[in-house]
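Comments concern the structure below.
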Number of protein chains: 2
Amino acid sequence: MSSIDFLLNNSEVVKSLYYHNPSTSADISCYTGKSIPHVIKILNELVKEGYVAENGYATSSGGRKPLNYSLVSDTHFLLSVSMDQFSTQMVIVDMNNRFITEVIRYEFDLLRSEPGTLVNYIKIFIKDSGVSKKNIIGIGLTMPGFVNTKEGVNYTFLKVADQTLVEYVQQRIKIPVFLENDSKAIALGEQKFGIASNVENVLVLNLGWGIGLGMILGGKIFRGNNGLAGEFSHIPLFKNGKLCKCGKHGCLETEASLIAVTATAKQGIAAGQITSLANYEVVDADVIINEAIKGDAYSVRLISEAAYHVGEGLAILIHLMNPAVIVLSGKGSVVGKLWLAPIQQAINEHCIPMLTQYTELVISNLNSKAQLLGAAALVVENFGKPLEAKLKAIKEISGSIN
Amino acid sequence: MSSIDFLLNNSEVVKSLYYHNPSTSADISCYTGKSIPHVIKILNELVKEGYVAENGYATSSGGRKPLNYSLVSDTHFLLSVSMDQFSTQMVIVDMNNRFITEVIRYEFDLLRSEPGTLVNYIKIFIKDSGVSKKNIIGIGLTMPGFVNTKEGVNYTFLKVADQTLVEYVQQRIKIPVFLENDSKAIALGEQKFGIASNVENVLVLNLGWGIGLGMILGGKIFRGNNGLAGEFSHIPLFKNGKLCKCGKHGCLETEASLIAVTATAKQGIAAGQITSLANYEVVDADVIINEAIKGDAYSVRLISEAAYHVGEGLAILIHLMNPAVIVLSGKGSVVGKLWLAPIQQAINEHCIPMLTQYTELVISNLNSKAQLLGAAALVVENFGKPLEAKLKAIKEISGSIN
DNA sequence: GAAAACTTATTAAATATTTAATAAAGTCTT
DNA sequence: AAGACTTTATTAAATATTTAATAAGTTTTC
């Protein structure tokens with residue numbers, strides 16, 4: 001059995017260690033559902049192979065002190081790629097979920113750029129990172145748009161002729177690639193490392209230019225039948241006649257996104273509204289958020305109105321999904337406190353109390369790291385059979401080409 | 001090992017046989033994910049114990065003819081209890097999912113009746129059925145309201161002091177009881193025996209007085225964190241100011257339910273609308289549906305408008321869940337064709353085409369049987385550990401009382 | 001009408017995993 | 001400080017399950 005196969009064959013234990021560091025044998029038994037003797041057997045083998053290290057004893061809770069186990073950080077690495085519509089961030093993560101490089105940001109306009117450019121950026125990033133390519137076990141590629149994870153396609157951006165995006169990148173980099181929608185990746189990050197870790201049913205809002213949604217249902221990312229679930233920002237909620245960029249009218253996004261807020265602000269300023277926003281040459285979302293934080297009443301009102309509309313949408317979600325926790329995440333969550341009160345207000349007004357009493361609304365503690373962590377976790381989630389299959393496919397193609 | 005334990009220890013194979021009758025060893029291997037030799041070993045043991053019968057050969061598809069296996073019908077039975085707000089239906093089902101008694105209907109007003117009355121009806125039904133009580137392996141109890149399946153409680157109806165409803169019934173009948181919400185039971189029925197069988201992501205609408213929703217997500221009934229998921233009829237969708245019975249305004253139900261339709265009809269008649277409904281002393285939903293079928297233009301318009309509003313709600317659901325199939329089920333689905341066109345119209349108008357192209361809208365072929373089949377399937381779903389645990393609990397309590 | 005291809009059934013060996021028992025090493029109570 | 005009680009680690013035996021190989025029927029092909 002080759003070295004990496006050994007890691008992948010015991011993927012349940014490895015995953016558990018990646019997410020919970022350090023762990024005792026009892027912890028791992030609990031997380032994986034395997035018996036303690038079996039877990040210890042696997043751990044000892046992993047120690048022998050150099051993938052796992054014992055590191056001291058944990059404190060006792062009234063019995064023999066348990067041994068602590070951790071993954072050895074530098075046996076393999078994960079490449080985390082986190083795209084939004086205008087830029088792409090990359091970082092390399094070790095087996096203990098630590099960033100071992102700087103987070104590098106590349107200008108990359110999803111609408112106008114080519115997949116080839118992305119591949120080049122990845123190649124450059126790997127080269128500059130100093131990490132040996134053969135030690136990078138997988139790439140988590142996360143991006144906006146209609147993403148079909150199973151097929152490895154993004155129906156919205158970076159379409160490639162006669163090939164899936166995943167195949168395209170994988171063939172050129174020769175590292176297994178896993179594709180996911182940005183909001184779903186953020187949800188995964190929040191579930192594994194965030195404030196809602198280990199909760200079965202979580203809704204994660206990706207507050208940014210639009211309003212993305214990632215759902216963890218029954219402990220797993222919910223993707224729907226074609227990977228298109230969670231199109232929260234386009235639910236038809238308003239009879240406002242406003243045309244959305246999706247082609248329909250009255251989408252949540254037409255009232256609740258930062259794009260809508262910016263449009264309203266410009267109208268307000270033109271109409272002579274008294275606001276510090278009037279002092280700016282260019283009014284964009286960042287400006288409005290900053291002025292709101294500083295206390296400009298009009299800016300606060302604009303954000304609050306948008307947040308209230310988000311809350312109206314969330315009221316629908318709560319009725320349908322009965323989640324334990326709703327997390328406000330994504331880049332916009334840094335001003336989470338601005339959103340919190342109006343959203344809660346809308347929920348209180350529009351939800352049956354029986355339902356709200358069981359649902360908690362919280363602000364992410366991961367900030368902008370959620371998507372990067374989620375992209376790495378996406379690779380870890382595929383440890384085992386799926387990763388093995390991709391490695392095999394790459395080997396076959398390389399073999400036949402070289 | 002006692003007789004029933006043997007059945008429950010091999011529950012995966014037994015479940016597969018219950019849902020797919022007859023099956024070959026290859027079928028069962030496929031459904032359960034176990035290897036063929038292992039499945040055959042279990043089957044042979046089940047045959048020896050008298051739970052399974054070989055019955056002839058299936059046709060070959062280009063190889064050796066496979067043996068057909070079925071569960072023996074009369075080793076055990078399931079009691080299916082299917083409640084709506086005003087009446088309760090019961091039937092006994094055999095191990096091949098066949099109704100072996102008449103479906104008996106009891107008048108039982110959920111709001112005004114006592115749990116004790118339900119228990120009495122169940123006792124009477126079992127006695128009259130002629131089926132020996134000790135052969136009834138479980139009761140599937142399905143009813144409207146906020147049902148927490150895990151806790152065994154209905155927060156809306158039939159509350160019992162100091163005890164869960166499941167405990168209450170179970171202690172008095174001494175048969176394991178499994179509780180589920182009516183719409184979720186219908187969804188289970190549709191998933192296992194209906195037009196959407198074996199589909200991973202299905203939304204099932206329970207068209208009746210209200211509009212219930214049961215969701216099958218990732219192949220399983222989705223219940224949310226407290227069993228309260230799927231409150232479709234109370235999503236806040238309209239700014240109509242109409243007060244809903246839930247205490248809020250603008251719920252889907254205020255525009256789309258048969259209750260709303262009936263109210264609108266009465267207003268219309270009073271306002272002199274030309275319609276055959278005017279000939280009736282009492283106008284209720286049944287009357288409107290009947291006249292719509294006969295062709296009364298006003299009745300058709302009323303139903304269509306309600307259906308269109310249901311479609312608006314479904315458009316939201318499609319954006320969020322990306323289901324493969326949406327099934328119109330429940331008692332109201334007998335006039336499914338009246339609903340179909342306006343719902344589809346609303347979906348087309350309010351959904352992103354990318355999403356609608358993957359979602360099929362169909363009418364149930366189970367009609368009013370869906371809930372009864374779902375209630376029986378609920379017991380089957382709990383074959384194995386959960387049923388074993390309940391049997392043990394009953395034995396302990398009986399032992400300590402008697 | 002054989003040969004080839006295919007599916008199913010059976011068997012034996014290998015592997016995965018759990019259970020139960022015991023030993024080792026702690027904490028807590030009195 | 002002794003004894004009761006916990007928790008963890010280790011071992012051996014039992015059970016569950018899969019893999020691989022082979023045999024037994026059926027259909028398809030030529």
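The chains referred to below are lettered A, B, ... by the order of the sequence lines, with proteins before strands, and numbering in each begins at 1.
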- Report the residue from B:Asn96, B:Asn97, B:Asn55 that forms a side-chain hydrogen bond (donor to acceptor under 3.5 Å, both in side chains) with B:Asn21. B:Asn96
- Task: Please state how far atom NZ in A:Lys65 lies from atom P in C:dG26, giving the value in whole angstrom units.
- Result: 6 Å
- Query: Once you round it to whole Å, what is the distance between P of C:dT27 and CZ of A:Arg64?
  - Reply: 13 Å
- Base, sugar-phosphate, or nothing: which does B:Thr24 touch, judged by heavy atoms less than 4.0 Å apart? nothing
- Kindly indicate whether the side chain of A:Asn44, heavy atoms from C-beta on, has any atom under 4.5 Å from the side chain of A:Tyr69. yes
- Message: Using side-chain heavy atoms (C-beta onward) and a distance below 4.5 Å, is A:Phe178 in contact with A:Thr142?
- Response: no
- Message: Here's a test of your reading of the structure: between A:Ile40 and B:Lys34, which maps to the more 5' nucleotide of DNA chain D?
- Response: A:Ile40
- Query: Tell me, do B:Glu381 and B:Ile221 make a side-chain contact under 4.5 Å, heavy atoms counted?
  - Reply: no
- Message: Rounded at 0.5 Å granularity, tell me how far CG in B:Asn148 sits from CZ in B:Arg223.
- Response: 9.5 Å
- Task: Using the closest heavy atom to pick a nucleotide of DNA chain C for each, name whichever of B:Ala26 or B:Pro37 lands nearer the 5' end.
- Result: B:Ala26
- Contact under 4.0 Å: A:Ser60 side-chain N or O vs C:dA25 OP1/OP2: no
- Message: By nearest heavy atom, map A:Val39 and B:Tyr69 onto DNA chain C; which one lands nearer the 5' end?
- Response: B:Tyr69
- Message: What is the first contacted nucleotide of DNA chain D and what is the last, in 5' to 3' order, if contact means an atom lying under 4.0 angstrom from a heavy atom of chain B?
- Response: D:dT17 to D:dT27
- Query: Within 45° of the axis and under 6.0 Å from the centre of the six-membered ring of A:Tyr18, does NZ or CZ of A:Lys192 qualify?
  - Reply: no
